[in-house]
Number of protein chains: 2
Amino acid sequence: MSNLSTTSDDILACARSLIVAGGYNGFSYADIADVVGIRKASIHHHFPSKVDLVRTLVARHRQNAEAGLANLERQVSDPLEQLRSYTGYWQACIADASAPFCVCALLASQLPVLPEEVGLEVRAHFRSLSAWLTSVLERGSRHGQLQLASTPRAEAEVFMATVHGAMLSARAYGDPKMFGVVTGPLLERLASHGHDRDERRPI
Amino acid sequence: MSNLSTTSDDILACARSLIVAGGYNGFSYADIADVVGIRKASIHHHFPSKVDLVRTLVARHRQNAEAGLANLERQVSDPLEQLRSYTGYWQACIADASAPFCVCALLASQLPVLPEEVGLEVRAHFRSLSAWLTSVLERGSRHGQLQLASTPRAEAEVFMATVHGAMLSARAYGDPKMFGVVTGPLLERLASHGHDRDERRPI
DNA sequence: CACACCCTACCTTCTGATAGGGTGTCCGTC
DNA sequence: GACGGACACCCTATCAGAAGGTAGGGTGTG
């Protein structure tokens, strides 16, 4: 009924928040032990090495993300609304400080010093997210709901990069609203509503 | 005539490349000592503590950046060309791997675990860069050379965030060209040439 | 019994930092 | 010009603590 073992989940959750705060080298087993209320050695029982821990964490994050996006596909059909939901999700995570950064984005910034196995998982997340965004944009463009300036793939990369940059700016300014300031125009631009925003073309 | 002491500069240069690779906790005095060819203790002579070292590094980076942008203002008058120069600079740095990431952007991603003094310098860089971009966009908009969808300030934040996201994507994909894939459309969109790109408005 | 789980105790290596001594160079005074 | 302090620079030696990890034993439960 209940979780088989919440301890390993607690460890993962704690590791995630610590990584989100300071990256791969920004936390230690001792840090986790303090928060979870367990000894260092007990963590090694669940995750023999730090690489195991982080690799598992990233892999699970990726699975959750893919499942969440698949669920979004089912619940929301409009491409623009899907994109809004995606940015809205992060806006909420940042606003309530529950996850003020994507763990994969943060780890990606340290790719050169990441253990290879972790790096592979991180790259996989980027490819996965990019593929989903590409499909959403492609569909939105085909149905005339979204206005793309270039190929769906290129627009997907722009979208993803902008979202990541928005996270960084929100953190740098210490202002969660900055995420919306950056991602808002991104969505507006893609929306091709009947009303022209401020293009005010003559005639 | 020559530099008073290149050693401290060597230390800073080495620290920069190490931080760009792995962040604040991604390098140690021992790493620098190995590369520069001196002992750990000698580094402490130039920079008593790690905080001193990184704070100096970021402060200098910020000064160099401000000087570079001021110089750009003198050499190039067209706002769009100024933005192109800015992104082109980073495109080159990433392509030749001389500085595949902005040290301030990388440190900003770890702000929660950064020593306060370092964090202040990092935030200052964000404000400084944002201010410059705002002024360029404002001028470009006033002269009708750039087409803004919202206020210069908001567009500046979008621009900065997109550039940072582009750096991240280039690193995640291991492909320097990805930086251009993301920043190219950004510049295209701001350029308000006579030819409408693919808006193809009816009539 | 076997196994999952957590513990104490310990190890090795790295980390940032300090103490103190050895060079060399510049500079003022005799 | 000689002398000696002041200082910049780099060294060896050493430290306390944190890092990731191991060994092995004590519980419980199926």
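First the proteins, then the strands, lettered A, B, ... as listed; each starts at 1.
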Touch class at under 4.0 angstrom, heavy-atom based, for A:Phe47 against every strand present: nothing

Over 12 foreign heavy atoms within 6.0 Å of CZ, A:Arg139: yes

D:dC11 phosphate, OP1 or OP2, under 4.0 Å from B:Ser42 side-chain N/O: yes

N or O in side chain of A:His46 less than 4.0 angstrom from C:dC6 OP1/OP2: yes

Distance-only polar pair, side chains of A:Ser28 and A:Asp31, donor-acceptor under 3.5 Å: yes

Short side-chain donor-acceptor distance under 3.5 Å, B:Asp52 and B:Ser49: yes

Closest to the B:Lys40 side chain, choosing from C:dC7, D:dG21, C:dA17: C:dA17

Selection from C:dA17, C:dT15, D:dC11 that lies nearest to any side-chain heavy atom of B:Tyr29: C:dA17

Among D:dC10, D:dT12, C:dC7, the one nearest B:Ala41 by side-chain distance: D:dT12

Under-4.0 Å side-chain N/O to phosphate OP1/OP2 contact, A:Thr7 with C:dC5: no

Atom-to-atom span, CG of B:Asp34 to C1' of D:dC10 - whole angstrom: 16 Å

Rounded interatomic separation in angstrom, taking CZ from B:Arg39 and P from D:dT12: 5 Å

Nucleotide D:dC10, atom P - distance to CG of B:Asp10 in whole Å: 10 Å

Interatomic distance where NE2 belongs to A:His44 and C1' belongs to C:dT12 [whole Å]: 13 Å

Residues B:Glu121, B:Arg60: salt bridge by 4.0 Å N-O rule: no

Pair of N/O donor and acceptor under 3.5 Å linking D:dG21 base with A:Lys50 side chain: no

d(CG, B:Leu53; P, C:dA17) in whole Å: 10 Å

Protein-nucleotide distance (A:Asn25, atom CG; C:dC14, atom P), rounded to Å: 14 Å

OP1 or OP2 of C:dG16 under 4.0 Å from side-chain N/O of B:Ser49: no

Nearest-neighbour nucleotide for the B:His45 side chain, C:dT15, C:dT8, D:dC10 considered: D:dC10

Parallel, tilted or perpendicular, as decided by the 30° and 60° cut-offs, for the rings of A:Tyr173 and B:Phe126: perpendicular

Whole angstrom value for the distance that separates P of D:dG21 from CD1 of A:Ile32: 11 Å

Under 4.0 angstrom between B:Ser28 side-chain N/O and C:dC14 OP1 or OP2: no

